[in-house]
Amino acid sequence: MSSRNVWTDVFHKAHAIHLLSIGLLGGAGVLWWVLSSIVYGFVLGVAIVLVTTAYGIHIRSMRNMHATIQSISHRVKRLSHEVISELPIGIVLYDEERRIEWHNPWIAAVMHRPTLVGAALQDICKTTKWNKLRDETIVIECAPHSERTVRVLHHVEERLVYFFDVTEFAVLSKKYESDRLAIGLLAIDNIDEVMQGMDEQQKSMMTAQVTTKITGYAQKHRLYARRIASDKYVFLLRSSQLHMLQEQKFDVLDDVRLATAQLKIPMTVSIGIAAGQDDLIVLGTAAQAALDLALGRGGDQVAVKIGDRYSFYGGRSGAVEKRSKIRARVFAHAMRDMIKESDHVLIMGHKLPDMDCVGSAIGVLRMTDALEVPASIVMEGTNSAIAQLIDVLEEHETIRGRIVTPSEALEMITQRTLVVVVDTHKASLLAEPKCMTVAKRKIIIDHHRRSEDGIEDATLVYMEPYASSASELVTELLPYVADAFEVGRIEATALLAGIVMDTNRFSVRTGARTYEAAAYLRRSGADSALVQCMMKDNMTDYLIKADIVRTTKLIDDEFAVAIVPKGQRASALLCAQVADTLLAMQGVRASFVIWDRSDGRVHMSARSLGEVNVQMLMEAFGGGGHLTHAAAQVDRPIEEVVARLYVVIGQLDASKLGREQK
């Protein structure tokens with residue numbers, strides 16, 4: 001009989017007899033009152049017999065109930081012991097010192113040990129910081145043995161840990177991640193520049209040589225490659241293949257460059273790859289964005305976007321100078337139309353502006369004047385680097401009073417206001433970042449390598465990493481703004497000052513177009529003597545730079561590292577000038593100046609002559625910049641930053657430093 005039937009039988013029999021006995025006793029009382037005592041005695045006797053019978057049945061029922069409970073309890077204890085011993089779940093109890101007091105057999109079998117009693121909890125899962133867990137229940141993952149993966153459920157208050165085997169799920173998850181689709185786009189950076197002047201036969205041979213390298217690379221790594229244009233390819237690959245290519249640093253970049261090394265301008269390629277998405281449209285768009293980013297950083301590199309994170313490879317050679325000015329003309333015409341459609345133009349550069357920032361802003365201001373559209377330059381205060389230039393500008397009647405503060409600029413923005421950003425493309429570096437949120441119409445003119453955290457919703461973007469400065473780019477745009485356009489003497493001088501400053505007096509980052517821009521400004525009346533006067537140091541700054549230079553130490557006689565003494569007043573511009581000065585030392589190929597900023601962060605300026613890619617070095621510290629000049633800001637003590645820099649330099653070989661191929 002089942003336990004349910006036993007309980008039902010007991011309940012029904014006992015309660016039926018009890019109810020009948022109570023009814024007879026009640027009836028006997030009534031009969032005693034109405035009828036004779038003989039009838040009453042008979043009924044009372046029957047009632048007594050029934051009560052006795054009911055009591056006996058109740059006793060037997062209780063005995064049966066007790067036996068049933070004992071049977072169930074025994075079975076539950078036996079089953080619970082089997083569950084703890086045989087179920088593929090680990091159970092561990094530990095003491096206050098986090099040492100195991102008791103465990104079930106499963107977890108010991110997983111650890112391949114006869115017993116874990118007395119062992120530290122850390123021995124089971126070394127990657128888990130058990131001592132940092134608070135009074136809460138958390139879920140974590142760890143692998144106590146290479147053959148298994150477990151999920152851990154931890155009850156801190158009870159000092160109890162459950163281990164659940166999720167090995168099969170982990171294997172499937174890993175396989176799913178490794179088989180996810182990735183899309184890559186490859187572009188030949190400078191095919192037009194390389195093939196200029198070649199005959200058809202030479203062009204065909206060069207194209208075939210590069211195509212052989214690209215398709216051979218795809219076949220070697222089992223990638224699906226398809227040529228979609230004369231200078232573009234599309235790749236399909238799996239995430240596991242992408243990880244392998246990342247470990248090999250995408251050596252196809254070196255293969256193509258070395259294959260065309262005999263040319264005056266070697267061919268280079270750029271690649272953009274996207275992974276970590278299931279939507280093919282989103283994946284393709286991300287791949288194109290990654291390729292644009294690689295090209296915007298100067299080309300000859302790979303940008304890999306996995307989810308929201310970017311990784312960069314290559315970038316060892318400098319950006320190739322574009323000989324065609326068609327893009328400058330097209331951009332200038334588009335910019336002219338946007339200026340004409342605006343009710344006001346705000347020209348904004350980065351915080352702590354330098355001569356290039358101010359010079360390029362003055363050039364854009366001259367464009368708006370030629371188009372008869374009101375404009376203002378957004379600037380917060382001044383500094384020693386631009387003090388003399390600002391004094392000259394304040395004496396000019398068409399510029400005086402047109403410099404506004406960031407707060408004033410924010411109030412001036414309307415739906416038709418155009419914001420032109422010069423010498424930067426990062427909102428975080430602007431004089432007033434909020435303007436990028438409020439303004440609907442934006443233009444960017446910058447010469448820095450594109451960063452993944454740049455302004456993304458600009459209407460027009462003119463970014464050319466080959467250019468020496470933003471002033472050079474603005475100078476190229478000026479002739480196309482209006483017919484019979486003339487640049488004033490002061491505006492031309494400000495633009496020339498920006499070019500001279502960023503090229504360190506035409507010693508670095510100069511190309512043919514740099515000199516063409518300088519020549520155009522000189523023809524427009526730029527005063528080179530005034531430029532030299534504006535760049536002169538005062539005695540105080542000169543002595544500060546001398547004190548910093550005195551701290552210089554050489555690494556391998558090739559890398560100069562200077563640390564600004566504590567308590568010494570120093571600005572970003574002054575330290576950058578020290579880094580430029582150190583490059584003049586014999587044998588120095590790269591220089592670094594490090595100092596503590598007033599905001600508690602450590603700043604580092606890096607310079608090179610082109611043989612060493614300081615941009616890649618600064619990216620190791622979370623910074624960036626150009627191949628020849630870069631910077632980083634680090635939230636760590638200056639001693640740790642210096643030690644880390646020594647380690648990074650010591651670990652890099654010639655190829656990793658980004659030296660040019662000879």
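Using cut-offs of 30° and 60° on the angle between ring planes, the pair His333 and Tyr480 is perpendicular.
With Arg607 as the fixed residue, the side chain to side chain donor-acceptor pair (under 3.5 Å) test singles out one of Thr628, Thr581, Asp580: Asp580.
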- Task: Mind running side-chain contact (heavy atoms from CB on, under 4.5 Å) on Met436 and Leu430 for me, showing each step along the way?
- Result: CA-CA 9 Å; Met436 291 297 100; Leu430 292 177; 3.3 Å; yes
- Intermediate values then yes/no, side-chain contact (heavy atoms from CB on, under 4.5 Å), Ile563 and Val642: CA-CA 9 Å; Ile563 303 174; Val642 174; 3.6 Å; yes
- Message: Between Arg513 and Glu476, does the salt bridge (charged side-chain N to carboxylate O under 4.0 Å, His left out) criterion hold? Intermediate values first, please.
- Response: CA-CA 9 Å; Arg513 290 175 66 168; Glu476 290 185 341; 2.7 Å; yes
- May I have the step-by-step check of side-chain contact (heavy atoms from CB on, under 4.5 Å) for Val404 and Ile377, ending in yes or no? CA-CA 6 Å; Val404 300; Ile377 297 176; over 6 Å; no
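In this model, a donor atom of one side chain and an acceptor atom of the other lie less than 3.5 Å apart for Thr268 and Asp189. Side-chain atoms of Asp343 and Thr414 form a donor-acceptor pair, as typed in the model, at a separation below 3.5 Å. A side-chain donor from one of Arg309 and Ser311 sits under 3.5 Å from a side-chain acceptor of the other. For Ser407 and Thr405, the side-chain atoms include at least one donor-acceptor pair closer than 3.5 Å.
With respect to Asp255 and Lys213, no salt bridge is recorded, no charged nitrogen being found less than 4.0 Å from a carboxylate O. Remark: Arg180 engages Glu177 in a salt bridge, criterion side-chain N to carboxylate O under 4.0 Å. Electrostatic pairing of Arg257 and Asp254 counts as a salt bridge here, judged by a charged N lying under 4.0 Å from a carboxylate O.
For Phe331, the ring pair (Phe, Tyr, Trp, His ring centres under 6.0 Å) partners two or more places apart in sequence, or in a different chain, are Tyr462. Scanning for ring pair (Phe, Tyr, Trp, His ring centres under 6.0 Å) contacts around Phe235 gives an empty result, with sequence neighbours left out. In terms of the side chain to side chain donor-acceptor pair (under 3.5 Å) criterion, residue partners of Arg226 (sequence neighbours excluded) are, by chain and number, Tyr224. Listed by chain and number, the residues in a side chain to side chain donor-acceptor pair (under 3.5 Å) with His243 are Gln246 (sequence neighbours excluded). Not counting sequence neighbours, the partners of Tyr217 by the ring pair (Phe, Tyr, Trp, His ring centres under 6.0 Å) test are His221. In this view, His350 satisfies the ring pair (Phe, Tyr, Trp, His ring centres under 6.0 Å) rule with no residue, not counting sequence neighbours. The side chain to side chain contact (heavy atoms under 4.5 Å, CB included) test applied to Tyr515 returns Phe506, Thr510, not counting sequence neighbours. Checked against salt bridge (charged side-chain N to carboxylate O under 4.0 Å, His left out), Asp354 has no partners two or more places apart in sequence or in another chain.
Residue-environment remark: CG (Leu352) stays at or below the threshold of 12 foreign heavy atoms within 6.0 Å. Within a 6.0 Å radius of CD1 in Ile281, other residues, nucleotides and ligands contribute 12 heavy atoms or fewer. In Glu456, the CD atom is not crowded: 12 or fewer heavy atoms of neighbouring residues, nucleotides or ligands sit closer than 6.0 Å. Residue Gln241 qualifies as enclosed at atom CD: its count of foreign heavy atoms under 6.0 Å is above 12.
Put simply, the side chain of Thr514 reaches to within 4.5 Å of the side chain of Ile499, judged on heavy atoms. At least one side-chain heavy atom of Ile347 sits less than 4.5 Å from a side-chain heavy atom of Leu365. Between Leu478 and Tyr520, the closest side-chain pair of non-hydrogen atoms falls below 4.5 Å. In this structure, Thr459 and Met338 have side chains that are in contact, with non-hydrogen atoms separated by less than 4.5 Å. Looking only at side-chain heavy atoms (C-beta outward), Phe592 and Ile649 come within less than 4.5 Å of each other. Side-chain contact check for Ile273 versus Leu242: some heavy-atom pair is nearer than 4.5 Å.
Listed by first then second residue, pairs satisfying ring pair (Phe, Tyr, Trp, His ring centres under 6.0 Å) with a partner in residues 596-617 read Trp595-His603, not counting sequence neighbours. Counting only residues at least two apart or in different chains, salt bridge (Lys or Arg N to Asp or Glu O under 4.0 Å) contacts with residues 428-446 comprise Glu341-Arg441, Lys442-Asp457. The stretch residues 361-376 participates, sequence neighbours left out, in these salt bridge (Lys or Arg N to Asp or Glu O under 4.0 Å) pairs: Asp369-Arg402. Counting only residues at least two apart or on different chains, no salt bridge (Lys or Arg N to Asp or Glu O under 4.0 Å) pair has a member in residues 622-634.
Between the side chain of Ser608 and the main chain of Ala590, no donor-acceptor pair closer than 3.5 Å is present. In this structure a side-chain-to-backbone donor-acceptor pair under 3.5 Å is present from Asp356 to Ser471. When atom types are taken as modelled, the side chain of Glu472 and the backbone of Ser468 share a donor-acceptor pair closer than 3.5 angstrom. Formation of a donor-acceptor pair under 3.5 Å by the Arg227 side chain with backbone atoms of Ala229 is found in this model.
The CD1 atom of Ile214 sits 4.5 Å away from atom CG of Leu186, with the distance rounded to the nearest 0.5 Å. To the nearest 0.5 Å, the span separating CG on Leu371 from CD1 on Ile339 amounts to 5.5 Å. In this structure, OG in Ser469 is found 8.0 Å from CG in Asp423, a value given to the nearest 0.5 Å.
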